[in-house]
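The structure under discussion appears below in the form of structure tokens.
Ligands are counted one by one from 1 in listed order, and the atoms in each one are counted from 1 as well. Because the structure is predicted, anything quoted here is derived from the model rather than measured.
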Amino acid sequence: MRIDKFLTETGTCSRSEAGKAVRRGEVLINGRAVRSASEQMDPERDLLTFRGEEIVYRKYTYIILNKPEGVVSATEDGDMTVIDLLPEQLQRLSLFPCGRLDKYTVGFVLLTNNGPLSHRLLSPKHHVEKCYRFTARTPLSDEDMERLSAGVDIGGYTTAPCKVEREGESGNYLITLTEGKYHQIKRMLEAVDNRITFLERISFAGIALPPELSRGEWRYLTENEVKMLEDHGKHS
Ligand code: URA
């Protein structure tokens, strides 16, 4: 792989910055200064340092973001998007949200550039669990909760059975879905003559929203978390 490709694919810098850094002697391969950004390297074997920092090659990038309200789960929009919340070097990596949250919904968004894995995680046949916390305008009766968990008609489609629980004494509820229809929870609540007043995704594919991430903050997925996603795609 060309050095400049490696540097742009890892989000280290732009192609033109790569050329400049090489000319300044700031890019080393196995301790030796690189002469040209077009030089080849083996990302699996060679150790590249950029301005003294080791750059680890990752074919794909996985990021967990705590989406704030008012931000759109898209790559481009007139309004602020989840991608706009990332630093510039990550904005170059063609990341996209794996599944959408409504503009008013907050919480867990997975950003990746792994298209095939994202496709598998979103496919209904893989039954990937997504858990949400919500507040309803009026408290739900036991009967409403049973109806929601059995499946309700949201306008020509009956939702699959799901888990609905009260979250302790908080007045909030938890709902775990294995599908993702447009405005699904909002429409489910409307089907039992109620309304959502707050909606937060708190886990995705068994990965919980990290409590240390405030709204608008992000971090890379750990190796373990990436493995959890990959295992989901394989076996379920
Ligand atoms: N259901 C909704 O209604 N909105 C979301 O953002 C996610 C699930």
TODO: Check each atom of ligand 1 against the heavy atoms of Y132 and keep those under 4.0 Å away; list them by number with element.
DONE: 7 (C), 8 (C)
- [ ] Check each atom of ligand 1 against the heavy atoms of T105 and keep those under 4.0 Å away; list them by number with element.
- [x] 4 (N), 5 (C), 6 (O)
TODO: Measure the distances from the heavy atoms of Y182 to every atom of ligand 1 and state whether one is below 4.0 angstrom.
DONE: no
TODO: Give the ring-plane orientation class for F108 versus F204, where under 30° counts as parallel, over 60° as perpendicular and anything between as tilted.
DONE: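 Aromatic pair F108/F204 classed tilted.
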Open item on the list: Side-chain heavy atoms nearer than 4.5 Å, only ILVMFWY residues, links allowed to pass through others: does that put M80 and L101 together?
Closed with: yes
- [ ] Using a 4.0 Å heavy-atom threshold (strictly under), name the region of Y104 that reaches ligand 1: side chain, backbone, both or neither.
- [x]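 Contact part for Y104 vs ligand 1: side chain (C-beta onward).
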Open item on the list: Is the contact between L199 and ligand 1 made by the side chain, the backbone, both, or neither, using heavy atoms and a 4.0 Å cut-off?
Closed with: side chain
Task: Nearest protein heavy atom with distance in Å, relative to atom 4 (N) of ligand 1 - done: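 The answer is D102 OD2, 2.7 Å.
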Task: Protein heavy-atom partner closest to atom 1 (N) of ligand 1 - residue, atom, separation in Å - done: I185 N, 3.1 Å
TODO: Report yes if some heavy atom in the side chain of N66 is under 4.5 Å from a heavy atom in the side chain of W218; otherwise report no.
DONE: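 Counting from C-beta outward, N66 and W218 never come under 4.5 Å.
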Task: CD/E129: more than 12 non-hydrogen atoms of other groups inside 6.0 Å - done: no
Open item on the list: I'd like to know if R51 pairs up with E53 as an ion pair, taking the criterion as any Lys NZ or Arg NE/NH1/NH2 lying under 4.0 Å from an Asp or Glu carboxylate oxygen.
Closed with: no
- [ ] Would you please indicate yes or no on a ring centroid separation below 6.0 angstrom for F6 and Y57?
- [x]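 Aromatic pair counts; centres sit under 6.0 Å.
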Open item on the list: So for ligand 1, is K186 a polar contact partner (N or O within less than 3.5 Å, distance only)?
Closed with: yes
